[in-house]
Amino acid sequence: MATEESIPESLKTLPQAPVSEPDFLHITKGWKSWAFTLDHKRIGMMYLFGILFSLLLGGSFALLLRTELWAPGKTIVGPDTYNQFFTLHGAVMVFLVIIPGIPAALGNIIMPIQLGAPDVAFPRLNLASFYLWCSGALLLVLTIPFGGLDTGWTLYTPYSLETKTAVMVATSGVFLLGFSSIFTGLNFLVTIHKFRPQGMGWFQLPLNIWAIYGTAIMQVLATPVLGITVLLLTVERFAHIGIFDPTMGGDPVLFQHFFWFYSHPAVYIMIIPGMGVISELISVYARKPIFGYRFVAYSSLSLALLSFLVWGHHMFVSGQSRLANMVFSALTFTVGIPSAIKVFNWVATLYKGDIRLKTGMIYGLSFLLLFTIGGLTGLFLGILSVDVHLHDTYFVVAHFHYVMMGSTLVAFLGALHHWWPKFTGRMYNEAVGQLCGLGVFVGFNITFLPQFVMGARGMPRRYWDYDPQYQIFHQISTIGAYILGFSIFISVVSLIASFKYGKKAARNPWGGSSLEWSAPTPPTLYNFEKPPVVHELYNYDDLVEVAPDRWERLSDAPELQDAKKEAH
Amino acid sequence: MSASDHDGHGHDDHGHGDDHGHGHAGQSRFIQHHYDDAKHQFDSGKFGIWLFLAQEVLFFSALFVAYVLYRVHHPEIYSYAHKWLDVKYGAINTAVLIFSSLTAAWAVRAAQLGQKKLLIACLATTIVCACTFLGIKYIEYHHKWKEQILFGKFFDPCVSPGGEELITRKNKCEGTKSTVQFDEAAGKPTAGCFEISKLDLDPDRVGIQADCQVSEVKISKGADGKEVEGASRPITNRCKDELVELLEKTESGGKVGHVATHETPKPAEEAQGQQFPCWRPSFQPFVCLDATDADKRLHGQGSKPTAGILVEYGDELERHDVKINATCKERPVTPPPSDVHADKTNTPEEGVKAVQPLHELTTHEEHELEALGPPPEHTGMFLTIYFAMTGLHGVHVLVGILVFIWLLFRAIRGDFTSDYFGPVDFSALYWHIVDLIWIFLFPLLYLIH
């Protein structure tokens, strides 16, 4: 790898390869060109802004409920409003932000380019998925004027059959969001199978694509069960069919089984794309090939498979048989294996790497730490006897926030910064990005570490009121939440400001080796001007940073090869 | 996996704008240009539809799981309630759907070979079959709607034990004979052909059997003896009409049956002809008077109580909670009533047939007998499952009809060529899964024995 000093001055001002076509952002104008677009990048960008808006909404609910918990008893709102806060926080964050965050938004924008495809397999279906997402999101938000929702995002029966709040509006929304997710997964599976260019074999696929592939399998095979479950719940609400209603012989625990048969894989629908992103970030910013490529790839698939077998661990205290509890508990521990394989491989990739602490890498390293904590505390909860003590306490809340937020959302933010220059063509403010990345890490830990402690000491989750001995933990947590919220808000503002103030981004600002970095920045309509050439994956020897945030392939420019020879 | 034959993308043959227009020279104009060629588009579509079908299977799977779960835990509900489904309709629908699957598959071949007329004929036949299916389904649904054989809260049919079906068709009992009688000594129902007039009430389900002429019945609940709310609910005309209809079909019938709530208990002697108990599974208890052979029994000539008062409880707890008090009319002085138990051991008197099982009961017959009594608790759950499964399937049939109408329209326009027939192929695959799901639903719902 050539060092900066070895590059002649003339090369630093080497003009970038001209792009003959207009980029996808400017090829057509007017709102119709966006609303009816079939371009995966535009659809992905529309998703992205929808998701960022939902993040703002879900985050506001989080801050409101954290504020309410500042002191025991009423701080700002009463218990009923508080119930709606945590329900909508959960529903919005899970269904609108984390599940579609990486696959539907960033996956849509980046995955086909990374694959070397001109578009996804079914562009119209892709647009339809987006509008399904919009309709579902609209319905979820409409629960607020229609009486709110106070069931928790899990919509457990029989309470969800009795409450006066707008359960039907919410379940209809979730139904639509489910089909949006199914169609996106279907689209990606077909794209990955049928749109790999010459030279892109299964084991030349970037790990991000492997992760999206595993995610898509779960989206297609798990989400339909959620679909039918919320459909039955909706019908139950208006037609009283009795299937989940114990007064008519129905089984409310059956709802839990159905719900978690989807929602446990959904946890992996949330986390696996994050793992894919992290595999890219760690490798690119450590300038090293990923350690154990095949293991990381297969671990994505095995996580996808195992995710279907462990739903019962959400129901250890719901009256499951002892045998079922033991089987589910044992299977739960197997999930630790592929997760640990990934973590160890990432750490091994970092070992002796040329680590560059760009914003993306700050999120990447945060992920490693936070995911490890989240994963290990998951093992505590998988132990039957311990779970009896810890279930429905803040320990569980802290655990799944470490996985869903500390890992997935952090990966999402890392991915957003990593690929932002590629699809917007603008560099964001690096200093602000790094500071906010640090703020997210610190704020997150201040928020959720105390929750482990108070959970272990018996503070139940979802409670509006609490005993005074928990107040200090709640207060630390609330302060952390504000740091966290502020950091995310500023980093998103900074990203959006880059449209106006950011300098133009190079084709390859981070020195990535996968295909998206050889496409124009921003990409053209069909992503590549000429059929893409697949280079060896995660091999950075050929890349040289000719100017700050601008990398070129030595093999593409003869001048650079000379420069490299001189350097040696 | 077309990785090897998928070598880059020609970008010369399309203009700007992202309409994914159609620009492959020499190919069908429906080949979208982000595909390499017709085969690439077809392969992608085929893989896509298979994934969609996998999704469909999972979508239905939850209902199958619910079916299995409730059947394992409550087999009595299934063996009781399946009699409301008419195998004839189900069988016709199965045949219709299988035939339509054939025409759908044939349509694919016609499209591949470019046989336009045959394609149109096959598509049209498929649509006709699908509509026939929905038509028959409508008949079945309509019947259940009318009879209130519905799901969950709306499950409220009027159930007559030994109803016409059981009398006339099953087990080949003739005329007014039924297949079941309750043997009080054995404490369970027995098989055989018996006079329908001897059909008796299951004492487990009967609040009291009063050995007298009842003039007033009061149903109270709880320790304080508060009257049960809803007990005064009048019996619907529908229920009455059905009883009348049933009576008219019996040999000695033709007279209006008498059914009363506890509020207006009519003296037994007012009622003429045969009386049938009417079981209602609903929460509200109510009373049917059974004045069979009232006069004879009043004079001690019968072994049966004068009036049976049936109360159907909501659940087990209620059984102990609810109290039924019947006030008897004054008994005629002569002759004194005979002991019911003593009666059992003696030779039955004239006019009363002995309880004599014709043979040991088979499992099948036991189930049949179970099905004759009042519905077990939460029988509506079977209907819930039935309506959920067939309803969701029906929606899929409806979608299939729309899709095939769209195909028919395109076929008439001449869109499909041997180069481009994907939509026909994919829709036919969808139609096959709809068919396949029905092939599972038919035995699971209609053929329970």
Side-chain angles (χ1 to χ4, degrees), chain A residues 21-22 24 27-28 33 37-39 42 116-119 121-125 182 185-187 189-191 193-202 220-225 227-229 231-232 235-236 239-243 245 248-251 254 257-258 261 525-526 528-532, chain B residues 1-11 14 16-20 32-36 40-41 43-49 51-52 54-63 65-66 69-70 73-74 77 150-155 314-315 377-381 383-385 387-388 391-392:
Chain A
E21 295 172 43
F24 82 100
I27 189 162
T28 46
S33 75
T37 184
L38 297 177
D39 181 7
R42 284 193 172 191
D119 205 324
F122 309 116
R124 285 182 214 149
L125 187 66
I182 290 170
L186 189 154
N187 220 334
L189 282 178
V190 177
T191 308
H193 269 270
K194 301 289 181 190
F195 278 77
R196 280 172 290 122
Q198 188 83 44
M200 184 65 93
W202 282 99
V220 172
L221 294 184
T223 320
V225 179
I228 188 70
T229 309
L231 186 65
L232 286 172
V235 177
E236 174 89 68
H240 305 282
I241 59 172
I243 192 157
D245 188 345
M248 288 182 243
D251 187 351
L254 185 65
H257 278 289
F258 286 169
F261 183 83
L525 179 59
Y526 290 97
F528 298 95
E529 304 141 289
K530 51 183 190 293
Chain B
M1 320 304 120
S2 70
S4 52
D5 58 32
H6 179 67
D7 49 359
H9 310 281
H11 283 246
H14 59 76
H16 293 304
D18 56 351
D19 57 346
H20 285 261
Q32 296 176 21
H33 68 167
H34 65 290
Y35 293 110
D36 294 344
H40 188 214
Q41 174 164 341
D43 286 348
S44 302
K46 190 104 172 184
F47 189 46
I49 193 73
L51 287 172
F52 180 75
Q55 179 278 131
E56 286 284 36
V57 170
L58 268 297
F59 192 64
F60 273 94
S61 67
L63 290 175
V65 169
L69 195 79
Y70 288 123
H73 288 300
H74 302 286
I77 289 177
L150 293 172
F151 39 79
K153 203 171 108 171
F154 303 101
F155 176 75
D315 55 35
E377 210 172 17
H378 302 312
T379 300
M381 189 51 67
L383 279 309
T384 298
I385 300 275
F387 277 102
L392 192 67

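Values below: every heavy atom of this structure, side chains too, minus hydrogens, waters and symmetry copies. Just so it is clear: chains get the letters A, B, ... in the order the sequence lines come, proteins before strands, and each one is counted from 1.
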Checklist entry - What are the two closest non-hydrogen atoms of Phe195(A) and Pro118(A), and how far apart are they? => result CD2-CD, 4.1 Å

Checklist entry - Do Phe261(A) and Leu58(B) touch side chain to side chain, with heavy atoms closer than 4.5 Å? => result yes

Checklist outcome for this item: Bottom line for Leu221(A): the part with an atom under 4.5 Å from chain B's heavy atoms is both

Next on the checklist: Once ring pair (Phe, Tyr, Trp, His ring centres under 6.0 Å) is applied, do any residues pair with Phe122(A), and if so which ones, sequence neighbours excluded?
Outcome noted: none

Checklist outcome for this item: Whatever's closer than 4.5 Å to a heavy atom in chain A on Leu69(B) counts as side chain

Checklist outcome for this item: Heavy atoms of Val190(A) and Ala121(A) approach each other most closely as CG1-CB, 3.6 Å

Next on the checklist: Between Gln32(B) (side chain only) and Gln41(B) (backbone N and O only), is there a donor and an acceptor less than 3.5 Å apart?
Outcome noted: no

Checklist outcome for this item: Whatever's closer than 4.5 Å to a heavy atom in chain B on Ala239(A) counts as both

Checklist entry - Side chain, backbone, both or neither: which part of Leu392(B) has a heavy atom under 4.5 Å from chain A? => result side chain

Item to check | Phe52(B) versus chain A, the contacting section by heavy-atom distance below 4.5 Å | outcome: both

Item to check | Per-residue contact mode, Leu254(A) against chain B (heavy atom under 4.5 angstrom) | outcome: side chain

Item to check | For the student: nearest non-hydrogen atoms of Met381(B) and Met248(A), plus distance | outcome: CE-O, 3.6 Å

Item to check | Engaged part of Leu383(B) at the chain A interface, taking heavy atoms whose separation is under 4.5 Å | outcome: neither

Item to check | Side chain, backbone, both or neither of Asn187(A) within contact of chain B (heavy atoms, under 4.5 Å) | outcome: neither

Checklist outcome for this item: If one checks every heavy atom of Phe24(A) against chain B at 4.5 Å, the contacting part turns out to be neither

Checklist entry - With only heavy atoms counted, which part of Leu232(A) is less than 4.5 Å from chain B, the side chain, the backbone, both or neither? => result side chain

Checklist entry - Highest number of heavy-atom pairs under 4.5 Å with chain B: which of Gly227(A), Gly185(A), Pro224(A)? => result Pro224(A)

Next on the checklist: Please give me the minimum heavy-atom distance between Val225(A) and Phe258(A), naming the atom from each residue.
Outcome noted: CG1-O, 3.7 Å

Item to check | Pick from Gly249(A), Gly250(A), Gly242(A) with the largest number of heavy-atom pairs that fall under 4.5 Å of chain B | outcome: Gly249(A)

Checklist outcome for this item: Cut-off 4.5 Å, heavy atoms of chain A, and the answer for Ser44(B) is both

Next on the checklist: If you compare all heavy atoms of Glu236(A) against all heavy atoms of Ile241(A), which two are closest, and at what distance to 0.1 Å?
Outcome noted: OE2-N, 3.6 Å

Item to check | Heavy-atom pair of closest approach, residues His40(B) and Lys194(A) | outcome: NE2-O, 2.7 Å

Next on the checklist: Among Asp245(A), Leu231(A), Thr191(A), Leu189(A), which residue has the highest count of heavy-atom pairs closer than 4.5 Å to chain B?
Outcome noted: Leu189(A)

